[in-house]
Structures are given as structure tokens and as C-alpha cells.
Amino acid sequence: MQIKLREIKKSFKVYKRPEGKWGLLKGAFMRNVTEVEALGGIGFDIAEGELVGYIGPNGAGKSTSVKVMSGILTPDSGECTILGKIPWKNRVEHVSKIGVVFGQRSQLWWDVPVADSFDVLKDIYAIPPGDYKIRLAELTATLGVEALLRIPVRQLSLGQRMRCELVAALLHRPKILFLDEPTIGLDAVSKLALRNFLKEENRKQGVTMLLTTHDMDDIEALCERVMVIGHGKLLYDGKLAGLQEKYAPEVVMKVNTDAMIAAMYNDLALT
Ligand SMILES: Nc1ncnc2c1ncn2[C@@H]1O[C@H](COP(=O)(O)OP(=O)(O)OP(=O)(O)O)[C@@H](O)[C@H]1O
């Protein structure tokens, strides 16, 4: 298995300021600490070449899991091996084998042209110049971003930036790609283009992908297998068709996946 998680737990300490008009002053001397359990013993396996959907309501623990798997966060307990290594213990080696796209954050430098960010990534990942040239040409052509290379990132539209984020995440030919809400805020055309790209990258290059999204059309278009997480626990791991059978209305021409997922969250008391 490329990705293996067992009983991963992660809690965060949250500091609360005392309420009332003196709260700010009192808060300087004393703060109430509470613990939020983001992951309560998550476990799953993902094999090479799989494209798995990872869904759940807001605050379910999806991003926290992705951060653990990408080595950004160390869990409180449990086991996690990615390509046989522990992400937070072998960080340098780990990041050279994975790619991460956070839809709500950028890994590109805001004020410099896109091409300059790619050049920096080439040095960070120590990509040989010949390979870099080929891979950059291949990715920029497929994602249609050649004309954007000299433009500073802050001047790009969301859809343009997202395509550049994908180039950045795939330049070093990672074996695994974690995608945390990559289609958030994109229009229908950009979503379709991005889905097609991900499907092809998975099929042709064999890149293993874990896709976190609230857009059930993403899941339907890309993932045969889906994992549902709620309150930090894995609630379902299986075929999308299995979820549809259980939660979709009996006779429909096209399954309304958003309604289906809303019914499931209600049923599992996740809302
Ligand atoms: N750095 C942090 N400090 C405190 N609490 C945190 C932190 N990161 C996450 N949490 C909490 O952990 C829980 C899980 O958050 P997480 O971001 O993993 O959820 P999510 O499933 O990705 O949600 P969304 O769909 O809204 O992005 C939430 O209750 C959140 O408030």
C-alpha cells in the first residue's frame, strides 16, 4: 500500500478569551483552554494508482488528515506511512515524492511571475534542467498556461491560478497527489478542464490521488472509491455506487449527488 493510516488521532488546543468588556484585559492574564478533537482514530489504505474521493461536512477533519499525510502536522498518536516512510519524520524525502494542492492557499509567490515560482521549485526539488524543461512544457501545454508564465500570480484569476498550482505540484513528478478542494470557486468550464486533467494524469502517469471536495460532481466524475469522514472518524469506505444505492432516491434518471450527500449527512447526524 502506498498510503497506510492506522488509528490516527489529532487534537488541537483552542484558547478562549474570557467574555465581557474586560475580556481583552483578563485574557492577557488567563485564558480558558479547550481541546478540539479533529481526528479520532482514522485509518485506511490507498493503493498505487487509486483516485479516491474524501468527503465530509465542514470541520470533519479532512484537511487535518491531508496535513498529517503531507507531513505538515504530527498526529498525537497512531501510525501513518506514505510510500513506506513516516511523513513528519522524513520530511525532505517525503515532499520530493508527493504533491499537494490546497484550493484555499497558494504555493506560488504572490508578487513574482509564475515562471519564477516554477524556477524556484525546480531548485527546491533539485529537478535536473533537461527533465524540468520537458515536464514544464508538457504541463503548461496540457493545462493551457503558457501565456500566463510572465504574469505575477496576484494578477491571475482563480481558475488560472489553480491551473498554475497544479503545474507547481506536479513539476517534480510526484507519485502521490493530495488535492484539498482544488475546484473551490471555479466556474463550470474550469472545473471540467481540471477534472479532465486529473483523470488523464491519474491514467497516464499512474499518480495516486486523494481528492477532498464538497463538489459531488468532482467525485462522480473522478472517483470510484469514496471515503466519508465525520467528527474525525471514517464512516464509509467503498464504492460511490454503494453510497448512491443507500442514499439516492430509488428511481432517478441522473442521481442528484448533492441531495444524496445531504441526506446521508442528515442520517448520520453530521449537520
Ligand atoms: N490549527 C487549528 N487549531 C485549532 N483547531 C483546528 C485547527 N485546525 C483544525 N482545527 C479544528 O479541527 C476540526 C477539523 O478541521 P479540518 O480543517 O480538518 O476540517 P475539514 O473537514 O477540512 O473542514 P472544511 O470542509 O470546512 O475545510 C475543526 O473542528 C477545526 O476547527
Trainee: Go through the steps to decide whether Arg6 and Asp45 satisfy the test side chain to side chain contact (heavy atoms under 4.5 Å, CB included), and finish with yes or no.
Mentor: CA-CA 9 Å; Arg6 295 287 179 273; Asp45 291 327; 3.0 Å; yes

Trainee: When you measure from the side chain of Gln155 to the backbone N and O of Pro152, does any donor-acceptor pair fall under 3.5 Å?
Mentor: no

Trainee: State, with a plain yes or no, whether a side-chain heavy atom of Glu220 is found less than 4.5 Å away from one of Gln244.
Mentor: yes

Trainee: Could you tell me whether a side-chain N or O of Asn90 sits under 3.5 Å from a main-chain N or O of Ile86, the two making a donor and an acceptor?
Mentor: yes

Trainee: Using the rule salt bridge (charged side-chain N to carboxylate O under 4.0 Å, His left out), only one of Lys9, Lys13, Lys10 pairs with Glu35; which is it?
Mentor: Lys13

Trainee: Test Leu240 against Cys223 for side chain to side chain contact (heavy atoms under 4.5 Å, CB included), laying out the working first.
Mentor: CA-CA 7 Å; Leu240 176 62; Cys223 312; 6.0 Å; no

Trainee: Could you list who else is in Val95's hydrophobic cluster, with ILVMFWY side chains joined at under 4.5 Å, directly or through other members?
Mentor: none

Trainee: How about Glu224: does its CD atom have over 12 heavy atoms from other parts shown lying under 6.0 Å from it?
Mentor: no

Trainee: For a quick test of reading the model, state the closest non-hydrogen atom pair linking Ala168 to Leu108 and the distance between them.
Mentor: CB-CD2, 3.8 Å

Trainee: Provide the closest heavy-atom pair for Leu149 versus Pro113 in the form atom of the first, atom of the second, distance.
Mentor: O-CB, 3.7 Å

Trainee: Whether Lys122 engages the ring of Phe118 as a cation-pi pair (distance to the six-membered ring centre under 6.0 angstrom, angle to the ring normal within 45°) should be assessed.
Mentor: no

Trainee: Could you tell me whether a side-chain N or O of Ser157 sits under 3.5 Å from a main-chain N or O of Gln160, the two making a donor and an acceptor?
Mentor: yes

Trainee: Hydrophobic side-chain clustering at under 4.5 Å (ILVMFWY, transitive links): who's grouped with Val36? Put none if nobody.
Mentor: Val14

Trainee: Run the numbers on Asp180 and Tyr54 for side-chain hydrogen bond (donor to acceptor under 3.5 Å, both in side chains), then give the verdict.
Mentor: CA-CA 9 Å; Asp180 194 352; Tyr54 197 36; over 6 Å; no

Trainee: Give a yes or no on whether the backbone of Arg173 and the side-chain of Arg135 come within a donor-acceptor separation of less than 3.5 Å.
Mentor: no

Trainee: Could you check if a side-chain atom of Val114 sits within less than 4.5 angstrom of a side-chain atom of Val145, using non-hydrogen atoms only?
Mentor: no

Trainee: Just how far is it from atom OG of Ser63 to atom CZ of Arg105, taken to the nearest 0.5 Å?
Mentor: 8.0 Å

Trainee: Output yes when Asp218 and Arg195 qualify as a salt bridge under the 4.0 Å nitrogen-oxygen rule, no when they do not.
Mentor: yes

Trainee: Side chains of His214 and Lys62, heavy atoms from C-beta outward: is any pair under 4.5 Å?
Mentor: yes

Trainee: Compare every heavy atom of Ile42 with every heavy atom of Gly232, then report the nearest pair and how far apart it is.
Mentor: O-CG1, 3.3 Å

Trainee: Can you tell me how far the NE2 atom of His172 sits from the CG atom of Leu121, to the nearest 0.5 Å?
Mentor: 8.5 Å

Trainee: Under a 4.0 Å N-O cut-off, is there an ion pair linking Asp215 with Lys191?
Mentor: yes

Trainee: What is the minimum heavy-atom distance between Ile184 and Glu181, and which atoms define it?
Mentor: CD1-OE1, 3.1 Å

Trainee: When you look at CD of Glu48, are more than 12 heavy atoms from neighbouring residues, nucleotides or ligands closer to it than 6.0 Å?
Mentor: no

Trainee: State, with a plain yes or no, whether a side-chain heavy atom of Ile98 is found less than 4.5 Å away from one of Ser70.
Mentor: yes

Trainee: Would you say that Phe44 contacts Ile229 through its side chain, given a criterion of any heavy-atom pair below 4.5 Å between the two side chains?
Mentor: no

Trainee: Do you know which two heavy atoms are closest between Val167 and Leu139, and how far apart they sit?
Mentor: O-CD1, 3.8 Å

Trainee: Just by distance, do the side chain of Gln107 and the backbone of Val100 share a donor-acceptor pair under 3.5 Å?
Mentor: yes

Trainee: Under 4.5 Å between any side-chain heavy atoms of Arg161 and Val153, yes or no?
Mentor: yes

Trainee: Output yes when a side-chain donor or acceptor of Arg163 lies under 3.5 Å from a complementary backbone atom of Leu143, and no otherwise.
Mentor: yes

Trainee: Between Ser117 and Trp109, is there a donor-acceptor pair closer than 3.5 Å when you use the side chain of the first and the backbone of the second?
Mentor: yes

Trainee: Do Tyr236 and Ile55 have side-chain heavy atoms sitting under 4.5 Å apart?
Mentor: no

Trainee: What verdict does the side chain to side chain contact (heavy atoms under 4.5 Å, CB included) test give for Arg225 and Asp237, after you've listed the backbone C-alpha separation in whole Å, the side-chain angles of each residue and the deciding distance to 0.1 Å?
Mentor: CA-CA 7 Å; Arg225 176 181 167 195; Asp237 182 356; 2.9 Å; yes

Trainee: Checking side chain to side chain contact (heavy atoms under 4.5 Å, CB included) for the pair Met209/Leu222: CA distance, chi angles, key distance, verdict?
Mentor: CA-CA 10 Å; Met209 295 183 188; Leu222 295 170; over 6 Å; no

Trainee: Nearest 0.5 Å, please: how far is CG in Leu177 from CG in Leu51?
Mentor: 9.0 Å

Trainee: So, Ser106 versus Glu165: side-chain donor-acceptor pair below 3.5 Å or not?
Mentor: yes

Trainee: For residues Thr212 and Phe178, determine if any side-chain heavy atom of one lies less than 4.5 Å from a side-chain heavy atom of the other.
Mentor: no

Trainee: Compare every heavy atom of Ala38 with every heavy atom of Thr64, then report the nearest pair and how far apart it is.
Mentor: OG1-CB, 3.8 Å

Trainee: Looking only at atom types and distance, does a side-chain atom of His231 sit under 3.5 Å from a main-chain N or O of Glu37, one as donor and one as acceptor?
Mentor: no

Trainee: Linking Ile, Leu, Val, Met, Phe, Trp and Tyr by side-chain heavy atoms under 4.5 Å, what else ends up with Tyr15?
Mentor: Val33

